[in-house]
2 protein chains.
Amino acid sequence: MPAQRADARRNYERILAVAEEEVAAHGADASLEQIARTAGVGSATVRRHFPTRSALLEAVFRERIEVLAARARELAKAEDVRAALLEWLGELTVYSASVQGLATALLRTGELAPEHANPCVNTLTEAGGPLLRRAERAGVMAPGATAVDLVTLIAGIALATQHHPDPATEADRLLGLAVAGISPRG
Amino acid sequence: MPAQRADARRNYERILAVAEEEVAAHGADASLEQIARTAGVGSATVRRHFPTRSALLEAVFRERIEVLAARARELAKAEDVRAALLEWLGELTVYSASVQGLATALLRTGELAPEHANPCVNTLTEAGGPLLRRAERAGVMAPGATAVDLVTLIAGIALATQHHPDPATEADRLLGLAVAGISPRG
DNA sequence: GTACGATACGGAGGACCCCGCCACTTAGCA
DNA sequence: TGCTAAGTGGCGGGGTCCTCCGTATCGTAC
């Protein structure tokens, strides 16, 4: 007894596939209408499978987020604690800055669902948590910074550099600044 | 021989005044149509005075930007170099985070005019430059960070926190992180 | 005081988008 | 094979942005 009919599932997949291309091309505010058209379904069907734009973005980036989360878990075992932390933050930054719309998706934190926030952010912070705590214990990270803080900061950097000719490089440079500290001595 | 007709100037003022309220209420993507309606002019007139959305935002925030620039010039004379720097960055952050649309305006750097960029950013960076260079010379700021970098970073933080319940506080906290450094020892 | 020309205006219309509704199709069970 | 509910898609309403063009108005020259 499938909770979902076969054709529904098929449409879901089609829409998601098209949405990936469309978002890659036009960023977070790609046209849902256009996605429906390309997928060969009615616009209502898109809305049925993805009630909000955030829901769609979230689904689109799910896999990529998983990759980053897996990377965090892997790096949590690395020998050089600080290097591992920086590596992860760097990858997160480059990813967010180069993939159109990802940063926006990361920040569209449950505006309407105050509770369980954004699953993307959740996945990321849960996976990154241990990595960060380890760094904090080792004294190579500023205390008081949560995973959410870092993800937010990085998403902000990505957003701020998205109109730059070379977003990834620029974002990474700004991250470097924030990592080293703008004015560290205090 | 006025370069501009009196009624045109009047309309300009009206539109700008309405735009200020509208942007304050709805952020950077306030409806131009709505602004025109409230101002009692045709939508074409709005577009005539402000060819692009960026142009309108720029005009809306001009005065506030001036205030921040003046503050930078003032702080450049302060005794405690580092405190002055941090004070300015903090004010810039709180401003950007609390005034709807300001951060967006700051980042909408001349997407179509590659040359003279965004006048807002220009004003800000020119005014902030001396302050930063002084800090750099005094060794209380990371070398290699330009004024544009800092403005970009701060605008990014503001964007990232704009959906937070208390944007200004949150933004300031994140700025603190970036100032102290996420992982300063290197 | 009037007539004229440049300047500025605003509404109409096209293209697009999001959204909700509702009659219709179709998959999957009996 | 037939039935039923899940699933679909198109249509209409409301909104936005943007452009074009006939018209009203300002400022001036007479």
Side-chain angles (χ1 to χ4, degrees), chain A residues 1-60 100-101 104-105 108 110-113 163, chain B residues 1-60 100-101 104-105 108 110-113 163:
Chain A
M1 191 197 290
Q4 197 178 208
R5 253 165 57 171
D7 57 340
R9 174 135 225 100
R10 223 168 16 232
N11 273 338
Y12 180 93
E13 305 291 359
R14 280 181 65 83
I15 293 170
L16 189 53
V18 171
E20 276 172 26
E21 296 172 21
E22 214 62 24
V23 169
H26 303 107
D29 43 6
S31 162
L32 302 184
E33 210 76 15
Q34 175 64 27
I35 291 173
R37 239 173 284 134
T38 308
V41 301
S43 66
T45 300
V46 172
R47 302 191 53 69
R48 193 165 299 116
H49 287 292
F50 306 99
T52 69
R53 178 174 235 96
S54 294
L56 179 59
L57 289 178
E58 186 194 305
V60 164
Q100 282 264 45
T104 309
R108 286 260 177 90
E111 295 161 359
L112 291 178
H163 293 307
Chain B
M1 192 197 290
Q4 197 179 209
R5 251 164 60 173
D7 56 341
R9 173 134 226 99
R10 229 178 359 241
N11 275 336
Y12 180 95
E13 305 290 358
R14 280 182 66 82
I15 293 170
L16 190 53
V18 170
E20 274 172 27
E21 294 173 21
E22 214 62 24
V23 168
H26 302 108
D29 43 6
S31 161
L32 303 183
E33 211 76 15
Q34 175 63 28
I35 291 173
R37 239 174 285 135
T38 308
V41 301
S43 66
T45 300
V46 173
R47 302 194 54 70
R48 193 166 300 117
H49 287 291
F50 306 98
T52 70
R53 177 173 236 98
S54 294
L56 179 59
L57 289 177
E58 184 195 305
V60 164
Q100 282 265 47
T104 307
R108 286 263 174 90
E111 294 161 359
L112 291 179
H163 294 307

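Note that these values count all heavy atoms, side chains included, but never hydrogens, waters or copies made by symmetry. Below, chain A is the first sequence line, B the second, and so on; all start at residue 1.
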Are the side chains of [X] and [Y] in touch, meaning some heavy atoms are under 4.5 Å apart?
{"X": "A/E58", "Y": "A/R108", "answer": "no"}
{"X": "A/I35", "Y": "A/L56", "answer": "yes"}
{"X": "B/N11", "Y": "B/R48", "answer": "no"}

Just the atom pairs and distances: protein N or O near nucleotides 3-6 of chain D's N or O, under 3.5 Å.
{"residue": "D/dA6", "atom": "N3", "partner": "A/R5", "partner atom": "NH1", "Å": "2.6"}

Self-check item: B/H49 vs C/dA8: side-chain N/O to OP1/OP2 distance below 4.0 Å
Solution: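 No, B/H49 has no side-chain N/O under 4.0 Å of OP1/OP2 on C/dA8.
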Quiz item: Are any of A/N11's side-chain N or O atoms less than 4.0 Å away from OP1 or OP2 of D/dT8?
Solution: yes
Quiz item: Tell me the ring pair (Phe, Tyr, Trp, His ring centres under 6.0 Å) pairs involving residues 9-42 of chain A, sequence neighbours left out?
Solution: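 Those involving residues 9-42 of chain A are A/Y12-A/H49, A/Y12-A/F50.
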Over how many whole Å does the gap from [X] atom [atom1] to [N] atom [atom2] extend?
{"X": "B/I35", "N": "D/dG15", "atom1": "CD1", "atom2": "C1'", "value": "15 Å"}
{"X": "A/D7", "N": "C/dC24", "atom1": "CG", "atom2": "C1'", "value": "14 Å"}
{"X": "B/R9", "N": "C/dT7", "atom1": "CZ", "atom2": "C1'", "value": "15 Å"}

Short heteroatom pairs, N/O only, protein and nucleotides 12-19 of chain C, under 3.5 Å:
{"residue": "C/dC17", "atom": "OP1", "partner": "A/S31", "partner atom": "OG", "Å": "3.0"}
{"residue": "C/dC17", "atom": "OP2", "partner": "A/R37", "partner atom": "NH2", "Å": "2.8"}
{"residue": "C/dC18", "atom": "OP1", "partner": "A/L32", "partner atom": "N", "Å": "3.3"}
{"residue": "C/dC18", "atom": "OP2", "partner": "A/L32", "partner atom": "N", "Å": "3.3"}
{"residue": "C/dC18", "atom": "OP2", "partner": "A/E33", "partner atom": "N", "Å": "3.1"}
{"residue": "C/dC19", "atom": "OP2", "partner": "A/R47", "partner atom": "NH1", "Å": "2.5"}
{"residue": "C/dC19", "atom": "OP2", "partner": "A/R47", "partner atom": "NH2", "Å": "3.4"}

Quiz item: What residues, two or more places apart in sequence or in another chain, satisfy side-chain contact (heavy atoms from CB on, under 4.5 Å) together with B/V46?
Solution: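 Here the qualifying residues are B/I15, B/A36, B/V41.
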Self-check item: Polar side-chain contact B/R48-C/dG10 base: donor and acceptor under 3.5 Å
Solution: yes
Quiz prompt | B/R10 or A/Y12, whichever maps to the more 5' nucleotide of DNA chain D | solution = A/Y12
Quiz prompt | Residues in side chain to side chain donor-acceptor pair (under 3.5 Å) contact with B/Q34, at least two apart in sequence or another chain | solution =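 Listed in chain order: B/R37, B/T38.
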Quiz prompt | Closest non-hydrogen atom pair, A/Q100 against A/A25 | solution =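 Heavy-atom minimum between the residues: NE2-O, 4.2 Å.
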Exercise. Mind jotting down which residue pairs meet the salt bridge (charged side-chain N to carboxylate O under 4.0 Å, His left out) criterion with at least one end in residues 6-24 of chain B? Sequence neighbours excluded, please.
Key: B/R5-B/D7, B/R9-B/E13
